[in-house]
Structures are given as structure tokens and as C-alpha cells.
Amino acid sequence: NRKAAHEGDFTVEADRRAVSEMSRKALLGKLSSTATAADGGQLAHYRYFAACQEGFTGQPLGRRSAQEFLSYFRFPSLADAVEPAGFTGLACATLAGDLPMMRRLIRAKASPDAPLPPLAKVRQYGAWRCLHLAAHQGPRGEDALLTLLELRASPNLAETSGSSALGFCSTVKAVDTLV
């Protein structure tokens, strides 16, 4: 079962807050170190960690305006966020659980089935799709999983090793959604 540190079982509730704060500071350090990198691989890692920030640290999911979203994830324009290359805007919105932005990007012609670049540092290897990301998030990704299916993402596309999104599910609800 994949849980963020703050979702663990704590005997002392103050420990949960301390772990959440440590996680937040570590993630902010990671974001800072990847934010200024010019190459696409570092930008993809920045976008991944930025999208996971609220889920990793126990903060409520952020809802951003289109301009805030583009700026936060370092997309020069909506056209760049929709482009099916690199760590896409739809991948960012999926990991962030930003369902309205997911819908907006699909309306702007983002492909829910575009293969994403491998991110070996976070154990995401070749050709994951947004459905793989949502399924891999466990309970935090269930709404995004359903939204992607509603937006016509193909549940049968496999990543490089041959697994469809179903193979990435860690909750019964996610399995039921895909089946």
C-alpha cells in the first residue's frame, strides 16, 4: 500500500505534524534544486515533484487558475502544456488531482494517452500514461482515474514492460473503476 508519510499510523499526533513539516521542507528543497535546471529531464522531475507536493505533505489539493497552473509548472503557454511531449500539463494536473484543469487541458486537445518520459529517480520507467500515474497514486488518484476515463483515456495502453494501468492499481476502487 502506497502512503505518504503523514498518512502513516502515529501513536503521538504531534509526530504526524512533525513528519509532515519535514516532508514539506525536503520537497521544497527538491523543488528548488530542480526548478532552475535548464534540461528537460530536470524540468520533468520539477513538474513531478511540484504536482505531488500537496499529496506528499498532507496539504489540501490546490486549485489554480490557468495562468497560475502554467506558471507553477513552468509552461510558457497553454499550447506548451497541451503538447504531447515531455512531462505534460495533463500529467501535472493528474498528479495534482486538479480535475477542472484536467478537463480544461483535454478541451484544449491534450492527449490523455501521450507516453510520458521515464523518470527513473522516482521509479517511473518508459511510456507511462496519465492513467498509470493516477492508478499508481492509490486513493489520492481515484478521482483523477475516473476523470481520465470520462475524458476517453484508453485503459488498455501498456507501458514499456507491458502493464496497463490496471497493473498499477493499489485500491479496490481503482480496480473497479478500470474494470
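- Here the side chain of H132 pairs a donor or acceptor atom with the backbone of S163 at under 3.5 angstrom.
- The two residues R129 and A114 come nearest to each other via the heavy atoms CD-O, 3.8 Å.
- D98 is not listed as a side-chain neighbour of M102, based on a closest heavy-atom distance of 4.5 Å or more.
- S77 OG to Q67 CD: the interatomic distance, rounded to the nearest 0.5 Å, is 9.5 Å.
- The aromatic rings of F75 and F69 lie parallel to each other, with less than 30° between the two planes, well short of the 60° mark.
- With rounding to the nearest 0.5 Å, the separation of OG in S170 from CD in Q137 is 9.0 Å.
- A continuous path of Ile, Leu, Val, Met, Phe, Trp and Tyr side chains, each step under 4.5 Å between heavy atoms, connects L131 with V179, placing both in one hydrophobic cluster.
- Atoms SG and CG, on C130 and D113 in that order, are 8.5 Å from each other to the nearest 0.5 Å.
- Partners of D15 under the side-chain hydrogen bond (donor to acceptor under 3.5 Å, both in side chains) rule, at least two apart in sequence or in another chain, do not exist in this structure.
- Cluster annotation: L157 is not connected to L166 through the hydrophobic network of ILVMFWY side chains, with a link wherever side-chain heavy atoms come within less than 4.5 Å.
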Name the atoms and distances for all side-chain donor-acceptor pairs under 3.5 Å in residues 141-155, with sequence neighbours left out.
from, atom 1, to, atom 2, distance (Å)
E142, OE2, T171, OG1, 2.6
T147, OG1, D143, O, 2.9

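- Contact detail for R47 and F73: the closest heavy-atom pair is NE-O, 2.7 Å.
- Minimum heavy-atom separation, L70 to A81: CD2-CB, 3.7 Å.
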List the atom pairs, with distances to 0.1 Å, where a side-chain N or O of residues 86-97 and a protein N or O form a donor-acceptor pair under 3.5 Å, not counting sequence neighbours.
from, atom 1, to, atom 2, distance (Å)
T88, OG1, A91, N, 3.0
T94, OG1, L90, O, 2.7

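- Between E54 and the choices R64, R63, R140, the salt bridge (Lys or Arg N to Asp or Glu O under 4.0 Å) rule is met once, by R64.
- Between A44 and P117, the shortest heavy-atom distance links the atoms CB-CG, 4.5 Å.
- Closest approach of W128 and E159 over heavy atoms only: CD1-CB, 3.8 Å.
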